[in-house]
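Everything numeric here is computed off the predicted structure, so don't read it as measured data.
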Amino acid sequence: MWEIVLMQILSIAIPKAFEAAFLACRRHLVSMAWFSAAINVLYLAPTIYMMQVYDRVVPTSGTNTLIVLTLLIGLAIGTLTALDAVRSRLMMRASLRMNRLMSARILDQLMSRSRVKSGDPTTRQAMREFDVLRSAMGGPAATALFDLPWTPLYLVVATMIHPVLGLVVLAGIGILIMLAVTNEKRTKGKSREAHAANAAAYISHEAALKNSDLIRALGMRRALVSRQINERQSGLKATADYQAVSGRYTAMVKFVRMFMQSLALGVGAWLAISGEISIGAIIAASVLLSRALSPIEQVVGAWPTLLQARIAVQTLEVLLTKDPQSLAPKTELPSPEGHVEVIQLVAKSPEGTAILLKNVSFNLEPGEILGVIGPSGAGKSTLARIVAGAAAPDLGEIRIDGANFSAWDPETIAAHIGYLPQDCALLPGTIGENISRFSEASGTSRRQVDRDVVNAAKNAGVHEMILQFPDGYDTPLGEAGYLLSAGQAQRVALARAFYDDPVILILDEPNAALDASGEAILSKALSAAKDRGAAIMIVAHRASILANADMLLVLQDGGVAQYGPRDDVLQALREPGTSPVVVPIKKGVKI
């Protein structure tokens, strides 16, 4: 298998998912191998032409022979260039097919991660690494690798002309291979250092640009510019060190190739003077040696690209081999009614150094509103993220209608949950697309999407507000579109949470950016959702939004301090000397 052999030349352990993709590109790669064989055989045509001109045409003044030979070499070179063009096209098509096969898989794996630890590849980094791999597949580096196995062909032909010429070619190949291996050993570590330093600098740069308003407001601009320059310098220094070592070996390779080519001329001349080869063979020897060494020189020149491709595959391997069950097909369960059980939930910080939630348990029933309150840092937002499915707990269970959360297909259960995070997290696209959760892109009809979007906006009380925007529901959002205020963004995100009438609503401080009128509209929307049987969990700092709450959960230092009917919990909070309210947790809710 050409594709497997080439990856093994680079000492790359092929991830199983990538192996399947490479095998799917087998037809392209095998065709490229055959084209490479034909191209390298046709590269012998100029050598044969020169030998015939010097050995037959010139001594005999054979004009007709020269014309025929010239026509034949023209045909051979024309065929060679046509095959080379087709091979390049095949390489690009293989690269594009790899993109079709793997890009969705990589993005899906990235977005399905419920917990991202330090060192895990980011979405931008993973896709950049994948593009590096695709570029290597469709560029000069791949061409050099496909030509490399045909180097012995020129060695054999040179040996057929004269064994000494074969030894010269063999010596040149050996020296270049030695330099290539040494180059790989000397630059491997430096390449990784440069790659990591530059990636860190770009991530820091992007984060700073994203928060440029805050940076200006807090007077951090000059300090962060200085910090960015220092990080950039570190990356550039690591790159310069790597390129200095790599460039040294590239120069040595170029010197060896040019010197050996001239040496082949000298050896050929010596053999011709001795009468052991013809005059035409002198030029042929130099051309053969040049052609034999060319793929090795190209591989050494493309070594930075090949190293980057190796690092890219290894980075993606980390991603694709983590949590392989997360994307496995799930048994289809009935649509949930909204019975939620949270059992002994434990959550740690991403670094694992702090406990954010400690044995949190509660029930949430259809048509019930649960308010979650507590001081800052108590774990309220963490709890909301986990119950909504945006994050995974370290221990404990979340059950929806009696089934463990992990038993549900993530996309299926997510359609029945409305989640409003603290930061709203609106995405580039129109207001309507954001509210619809981009459902049209997954195949839902435009008419159905539009109907559900307007219905969600009306249920959230934001329909009239949206109509005031420049293009209504079609107003684009993001850096290149309309910029919403904090209150407007929160109300649009609330409509997104209400989209398609979810049976479970998880709202994290839904009134944080709302004025009195906005809060009144929100209370009305929550009452309507409760009346239709939705199970609602509200994280709040302002108790006014919890006027209709049935139950209250008070978190303190990540644990449950109070849990019970709203009025009982409020009374216990007003009277510090009373015992805390903690009602028994109901278990065993069935589908």
**OP:** Would you check, one step at a time, whether the test side-chain hydrogen bond (donor to acceptor under 3.5 Å, both in side chains) holds for Asp55 with Ser278?
**Re:** CA-CA 7 Å; Asp55 294 342; Ser278 64; 2.6 Å; yes
Subject >> Those residues that, when tested against Tyr473, pass side-chain hydrogen bond (donor to acceptor under 3.5 Å, both in side chains) (two or more places apart) >> reply: His463
Subject >> Test side chain to side chain contact (heavy atoms under 4.5 Å, CB included) applied to Ser290 and Tyr154, step by step >> reply: CA-CA 9 Å; Ser290 175; Tyr154 305 103; over 6 Å; no
**OP:** Any side-chain hydrogen bond (donor to acceptor under 3.5 Å, both in side chains) involving residues 162-171? Give me the pairs, sequence neighbours left out, ordered by first then second residue.
**Re:** His162-Glu276
Subject >> His28 side chain reached by Arg97 side chain, heavy atoms, under 4.5 Å >> reply: yes
Original post:
What do you reckon, is OH of Tyr54 surrounded by more than 12 foreign heavy atoms closer than 6.0 Å?
Top reply: no
Subject >> Ion pair check, Asp147 and Arg291, cut-off under 4.0 Å >> reply: yes
Original post:
Is it the case that more than 12 heavy atoms not belonging to Arg27 sit under 6.0 Å from its CZ atom?
Top reply: no
**OP:** Check step by step if side-chain hydrogen bond (donor to acceptor under 3.5 Å, both in side chains) holds for Thr70 and Tyr49.
**Re:** CA-CA 8 Å; Thr70 302; Tyr49 177 75; 3.0 Å; yes
Subject >> Validation row: Thr79, Leu83 side chains within 4.5 angstrom (heavy atoms) >> reply: yes
Original post:
Are side-chain heavy atoms of Ile282 and Leu265 found at a separation under 4.5 Å?
Top reply: yes
Subject >> Worked check of side chain to side chain contact (heavy atoms under 4.5 Å, CB included) between Val168 and Met260 >> reply: CA-CA 8 Å; Val168 172; Met260 294 302 293; 3.9 Å; yes
Original post:
Is there side-chain contact between Trp408 and Pro336, with at least one heavy-atom pair below 4.5 Å?
Top reply: yes
**OP:** Determine, for Phe35 and Arg87, whether the Lys NZ or Arg CZ falls below 6.0 Å from the six-membered ring centre while staying within 45 degrees of the axis.
**Re:** no
Original post:
Do Ile398 and Asn404 come within less than 4.5 Å of each other through their side chains, counting heavy atoms only?
Top reply: no
Original post:
Quick one: side-chain hydrogen bond (donor to acceptor under 3.5 Å, both in side chains) partners of Asp452, sequence neighbours excluded?
Top reply: Gln448
